[in-house]
Amino acid sequence: MAAPQLRRLGQAPRHLLVCEKGHARHARSRHAAHVRDHAYNCRVSFLIPECGILPEVLKSTVADVGEYYLVRSLPVHELVAQEFIDAFVKKGSCYALSYNTKIDQDNTAALLPNGKLILSVDKDTYEELGLQGRPSQYSGKKVMRYIITIDLTDAGFHPDSKKHNRVLWALKEKKPLEFDFLLAWYTNIGAGGSTLMSYFSKNQIQALKPKITFSTLRDLQCPVLQSNELQGKPDESCSTEELFEWLGAVLNQVSLDNTSSSFLSTYCCPQPNVMVEKAFLCTITGFIIPEKIIQLLEQLCCYFGEPKLAYWLTLTVHGFADSPVSWRESEHGFHKGGENLYNFVIFRNLDYWLQMAGTSRRMPDIYLQRS
């Protein structure tokens, strides 16, 4: 594995683009682990140059992204009930995220697949709950927000324990909290238990399917990339930073013409570049869990199993702007816009670049230390 490179976006000192190079079939590749580290994803896009029609196996993988659920006015104490823990937390990967809550204004909540329940609450709520937490890392001299972490899989967290009873009492009686929640559950083959729909049948629950759009981009200028040149070479290939900026323009449908009549954008494709007659773009929007992204990533790697005109393709994943956590259990802030996303560039030889964007206070320490 090559040493990752640290690149800065623009002049903002805390905005970072961390890029790691690897090979998808290398025994020590951590590409799947990186995907698992990012639990809450609202949009997934992949772009395949020199592709007009998507192969059936990729179509099937996209269609199988799976349902997720919206539960209205769900009390948080129901997530710490032993019945729920036994049925879902201990029998698979359970994801829950408070819906339509603003991290800079509201109380928010999230349940990670490792069984950690994260509450990001204001000072008044924290004092009323009386549960142990820590000040938000975004607090100034006057702490106005706290983070509470409850490990539902802790051996000491069982119905007869003081810890469980105190948490349940705090959330159910002392300071009841409830949110609209997005929920998803990924279970191992053979694991039993109720489905989310039947378990929450007494609540207002709605099954939702991700929105999927397909489009073909015509006459698209694409950067020339070399998998072993992350920083690019003059007149030979573009850098990871240039590719990332270009991809952002393409996914947001920004014109790359740089015409004198354009008042919206003067951006143009970096040099060197090639004109591609057509490129296939797919965007999936919803509550998309890492397990499904890993399946999609694997099929995109398999795309090059047969000879293709494309030299590379991309997979871009955007996280929720107001989730309490971003990478792993790292606190997710809001002062720089709440962005947290990553992008894979997969090459024909199955080398890949993994680009992770955010701010220095949001990026997990392991990536910064290795950069």
Is [Y] reachable from [X] through a run of I, L, V, M, F, W or Y residues, each pair having side-chain heavy atoms under 4.5 Å apart?
| X | Y | value |
| --- | --- | --- |
| Met197 | Leu111 | yes |
| Val89 | Ile205 | yes |
| Leu350 | Leu300 | yes |
| Ile147 | Met144 | no |

Does a side-chain N-to-carboxylate-O contact under 4.0 Å join [X] and [Y]?
| X | Y | result |
| --- | --- | --- |
| Glu298 | Arg25 | yes |
| Glu329 | Lys116 | yes |
| Asp86 | Lys90 | yes |
| Asp122 | Arg145 | no |

Of the non-hydrogen atoms in [X] and [Y], which two are nearest, and what is the gap between them?
| X | Y | answer |
| --- | --- | --- |
| Pro324 | Ile118 | CB-CG2, 4.2 Å |
| Gly115 | Thr153 | CA-CG2, 4.0 Å |
| Ala24 | Tyr352 | N-CD2, 3.6 Å |
| Ala310 | Phe304 | O-CE2, 3.4 Å |
| Val345 | Gln355 | CG2-OE1, 4.0 Å |
| Phe157 | Val80 | CE2-O, 4.2 Å |

Please determine whether side-chain contact (heavy atoms from CB on, under 4.5 Å) holds for the pair Leu119 and Leu171, giving the CA-CA distance in whole Å, both sets of side-chain angles, and the decisive distance to 0.1 Å.
CA-CA 11 Å; Leu119 303 177; Leu171 293 172; 4.1 Å; yes
Main chain of [Y], side chain of [X]: is a donor-acceptor contact present, judged purely on distance under 3.5 Å?
| X | Y | answer |
| --- | --- | --- |
| Ser29 | His26 | no |
| Arg72 | Phe179 | no |
| Thr125 | Val121 | no |
| Asn340 | Phe320 | yes |
| Thr187 | Lys91 | yes |
| Ser161 | Gly156 | yes |

Are Tyr199 and Phe84 close enough, and set up right, to give a side-chain contact (heavy atoms from CB on, under 4.5 Å), and what steps lead you there?
CA-CA 8 Å; Tyr199 185 87; Phe84 178 82; 3.3 Å; yes
Apply side-chain contact (heavy atoms from CB on, under 4.5 Å) to Tyr311 and Val224, showing your working.
CA-CA 9 Å; Tyr311 181 68; Val224 172; over 6 Å; no
Within this structure, what is the [atom1]-[atom2] distance for the pair [X] and [Y], rounded to the nearest 0.5 Å?
| X | Y | atom1 | atom2 | result |
| --- | --- | --- | --- | --- |
| Ser239 | Trp246 | OG | CH2 | 13.5 Å |
| Leu220 | Leu47 | CG | CG | 6.5 Å |
| His318 | Arg43 | NE2 | CZ | 4.5 Å |
| Cys268 | Asn273 | SG | CG | 8.5 Å |
| Leu117 | Thr149 | CG | OG1 | 8.5 Å |
| Met356 | Ser326 | CE | OG | 12.0 Å |

Can you confirm whether [X] sits close enough to [Y] that some side-chain heavy atom of one is under 4.5 Å from a side-chain heavy atom of the other?
| X | Y | value |
| --- | --- | --- |
| Thr316 | Val44 | no |
| Ser237 | Leu225 | no |
| Leu183 | Leu97 | no |
| His158 | His164 | no |
| Leu79 | Ile85 | no |
| Phe181 | Leu70 | no |
| Phe46 | Val317 | no |
| Trp312 | Ser227 | no |

Run the ring-ring contact (aromatic ring centres under 6.0 Å, His included) check on Tyr342 and His38 step by step: do they pass?
CA-CA 9 Å; Tyr342 63 90; His38 200 264; 5.4 Å; yes
Is it true that, when you exclude [X] itself, more than 12 heavy atoms of the residues, nucleotides or ligands shown sit nearer than 6.0 Å to its [atom1]?
| X | atom1 | answer |
| --- | --- | --- |
| Glu306 | CD | no |
| Asp235 | CG | no |
| Lys174 | NZ | yes |
| Glu127 | CD | yes |
| Gln132 | CD | no |
| Glu83 | CD | no |

Quick one: is the NZ or CZ of Lys308 closer than 6.0 Å to the six-membered ring centre of Tyr303, and within 45° of its axis?
yes
Can you give me every donor-acceptor pair (side chain of residues 282-297, partner residue at least two apart or in another chain, under 3.5 Å) with its distance?
unit_1: Thr283; atom_1: OG1; unit_2: Ser45; atom_2: OG; d: 3.2
unit_1: Glu291; atom_1: OE1; unit_2: Tyr95; atom_2: OH; d: 2.8
unit_1: Glu291; atom_1: OE2; unit_2: Ser93; atom_2: OG; d: 3.2
unit_1: Glu291; atom_1: OE2; unit_2: Tyr95; atom_2: OH; d: 3.1
unit_1: Lys292; atom_1: NZ; unit_2: Asp64; atom_2: O; d: 3.2

As a quick check of understanding, evaluate side chain to side chain donor-acceptor pair (under 3.5 Å) for Thr108 and Asp106, giving each step before the final call.
CA-CA 6 Å; Thr108 63; Asp106 308 321; over 6 Å; no
ring-ring contact (aromatic ring centres under 6.0 Å, His included) for Phe280 and Phe214? Distances and angles first, verdict last.
CA-CA 7 Å; Phe280 193 92; Phe214 299 113; 5.6 Å; yes
Check the pair Phe347, Trp353 against ring-ring contact (aromatic ring centres under 6.0 Å, His included), reporting the backbone distance first and the verdict last.
CA-CA 8 Å; Phe347 293 88; Trp353 296 347; 5.2 Å; yes
Decide side chain to side chain donor-acceptor pair (under 3.5 Å) for Ser136 and Glu331; before the verdict, give the C-alpha distance in whole Å, the side-chain angles of both, and the deciding distance to 0.1 Å.
CA-CA 8 Å; Ser136 166; Glu331 183 183 351; 2.5 Å; yes
Quick one, Arg166 with Leu131, criterion side-chain contact (heavy atoms from CB on, under 4.5 Å). Give me CA distance, side-chain angles, the key distance, then yes/no.
CA-CA 8 Å; Arg166 179 170 179 78; Leu131 297 175; 4.3 Å; yes
Using a distance-only test with no angle check, is there a side-chain donor-acceptor pair under 3.5 angstrom linking Ser198 and Ser201?
no
